[in-house]
Chemist: 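Dropping a structure here in structure tokens format, bear with me for questions.
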2 protein chains.
Amino acid sequence: MTVTAKPTGKSAARAAERPAQGVPARETGPLTEAIELLFFAYRDFISDPDELLAKYDFGRAHHRVIHFVGRHPGITVAELLNILRITKQSLARVLKQLIERGFIEQQTGKQDRRQRLLFLTPAGIELEQRLAAPQQARVAAALASAGPGAEAAWRAVLLALVNEDDRPEVERLIAAQPAKNN
Amino acid sequence: MTVTAKPTGKSAARAAERPAQGVPARETGPLTEAIELLFFAYRDFISDPDELLAKYDFGRAHHRVIHFVGRHPGITVAELLNILRITKQSLARVLKQLIERGFIEQQTGKQDRRQRLLFLTPAGIELEQRLAAPQQARVAAALASAGPGAEAAWRAVLLALVNEDDRPEVERLIAAQPAKNN
DNA sequence: CATTTTATGTCAGCCATGTTGACATATTTT
DNA sequence: AAAATATGTCAACATGGCTGACATAAAATG
């Protein structure tokens, strides 16, 4: 299965505080368990920044934009769309808000003046770091608890989960490089 | 960052077929890379069933319900809410459609007649398997390519990513057990 | 230099799936 | 008999996807 949107609050109408117990799982093999673990891990992993985002009246879409602009200063709109795999209308909505509220700024490209290169402002950098901190802590703790070698295996599996066609690009995207100047 | 909703189609308004290239990544440490890998892996992982779901006019929410009802035949509504962490109103919407269209059926609980135990119909079972197949294949291939021991590390890290409070319950949920009879 | 293509922005509207609050019913528990 | 529980449902709203259409500026091309 799949993960979707954003629980805004602590949910009064939510299931009454751990009914728990319950129905045994049908035997469907270890792959199913590995898949469900991914669901549960992701569910909790993405819950970290939500509280902070809510204070800014931002959502997860804003988080993703802040993250990738922070990671790739000077990224173009087209590149960001390619990473996020959403339409430009969807991106435009959150990007506009982030610009209006001073977390992201645009610069006209020097070589290609049609491009609007995106950068975090100082406020944007601060927010990015505040959003990233709990997720980094969570991943660091998980990798540490899983012992040495876990990180390499983790990365290998995750990369192999990516569509084969996209793997070279993903590797390029996540690889850190010395800053360039626009 | 975080993953959210569902691209319905192949998106004409989407980024023009791999603009690629682009801005180098800022150096932010290996944790950031591990986090981004999770984003990209999840992005592609959840894309598998979407095409099939679209043929039924279903979305990811339906997928999640079908999956967990299939995995826990006779699960109660309250238990399902606790797994999904959504409100009962949100669940009610998709559940109603799945019942109307004959993929899920309800049975009044025998011990507690207030409960509506949920089961997949034969059509539901078939759909569940068709949805699961590509994801299982993807995970199987990824684990295989990452070599022996990768699965253990993978599971350890994922479980450690789950909120500590929820870990016992997640372990219980994913553990297969022989069927019980209602 | 005229034309076409590209990068971006934007308007208008739709849909899926979250949310809240309130309330109704049947059933079990106390 | 009363209270608590499991479920269902109504009404309204927000977020963030989507489509289609169109506008502008700049670059690339013939």
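Keep in mind that the numbers below use all heavy atoms, side chains included, and drop hydrogens, waters and symmetry copies. Note that this is a predicted model, so its numbers are computed, not measured. Chain letters run A, B, ... following the sequence lines, proteins first, then strands; residues in each count from 1.
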Chemist: Grab the CD1-P distance between A:I75 and C:dT8 for me, whole Å please.
Modeler: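 To the nearest whole Å, that distance equals 10 Å.
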Chemist: Nearest-Å distance, CZ (A:R85) to P (D:dC18)?
Modeler: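 These atoms are roughly 12 Å apart.
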Chemist: Would the base of D:dG8 count as contacting B:K88 through its side chain, where contact means a donor and an acceptor less than 3.5 Å apart?
Modeler: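 Yes.
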Chemist: Ignoring backbone atoms, establish whether A:T87 has a side-chain N or O less than 4.0 Å from OP1 or OP2 of D:dC18.
Modeler: yes
Chemist: Quick one: is C:dT17 close enough that its OP1 or OP2 comes under 4.0 Å of any side-chain N or O from B:S90?
Modeler: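 False: B:S90 side-chain N/O out of range (4.0 Å or more) of C:dT17 OP1/OP2.
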Chemist: When the distance from CZ of B:F58 to P of C:dA16 is rounded to whole Å, what number comes out?
Modeler: 12 Å
Chemist: Give me the ring orientation class for B:F68 and A:F40: parallel if the planes are under 30° apart, tilted from 30 to 60°, perpendicular past 60°.
Modeler: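 It falls in the tilted class, 30° to 60°.
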Chemist: Which class fits the ring pair B:H63 and B:H67: parallel under 30°, tilted 30 to 60°, perpendicular over 60°?
Modeler: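 Taking B:H67 first and then B:H63, their aromatic rings stand perpendicular (interplane angle over 60°).
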Chemist: Would B:F39 and A:Y42 count as a close aromatic pair, with their ring centres under 6.0 Å?
Modeler: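 No, too far apart.
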Chemist: Classify the nucleic acid contact of A:Q106 as base, sugar-phosphate or nothing, counting any heavy atom under 4.0 Å across all strands shown.
Modeler: sugar-phosphate
Chemist: Please report, rounded to the nearest Å, how far the C1' atom of D:dA14 is from the CD atom of A:Q97.
Modeler: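 Spelled out: CD on A:Q97 to C1' on D:dA14 is 12 Å.
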Chemist: If only side-chain N and O atoms count, and only distance matters, is there a donor-acceptor pair under 3.5 Å linking B:Q97 with B:H62?
Modeler: yes
Chemist: Between A:N82 (CG) and C:dA7 (P), how many Å, whole number?
Modeler: 12 Å
Chemist: Identify all side-chain donor-acceptor contacts of residues 148-157 of chain A below 3.5 Å with residues at least two apart in sequence or on another chain.
Modeler:
unit_1, atom_1, unit_2, atom_2, d
A:R155, NH2, B:E33, OE1, 2.9

Chemist: Please report, rounded to the nearest Å, how far the C1' atom of C:dT8 is from the CG atom of A:L91.
Modeler: 11 Å
Chemist: Answer whether the closest heavy-atom distance between the side chains of B:H72 and B:E79 falls below 4.5 Å.
Modeler: no
Chemist: Please report the distance, rounded to the nearest Å, between CZ in B:R116 and P in C:dT28.
Modeler: 11 Å
Chemist: Where the side chain of B:Q89 is concerned, which of C:dA22, D:dT7, C:dA12 is the nearest nucleotide?
Modeler: C:dA22
Chemist: Residues two or more places apart in sequence or in another chain: which of them pass side-chain hydrogen bond (donor to acceptor under 3.5 Å, both in side chains) with A:R130?
Modeler: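 Only A:Y56 meet the side-chain hydrogen bond (donor to acceptor under 3.5 Å, both in side chains) criterion with A:R130.
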Chemist: For B:L98 and C:dT17, what is the distance between atoms CG and C1' respectively, to the nearest whole Å?
Modeler: 13 Å
Chemist: Grab the N/O contacts between the protein and nucleotides 27-30 of chain D below 3.5 Å, and write none if there aren't any.
Modeler:
unit_1, atom_1, unit_2, atom_2, d
D:dA27, OP1, A:R113, N, 3.1

Chemist: Between A:R93 and A:L118, name the one whose nearest nucleotide on DNA chain C is closer to the 5' end.
Modeler: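 The answer here is A:L118.
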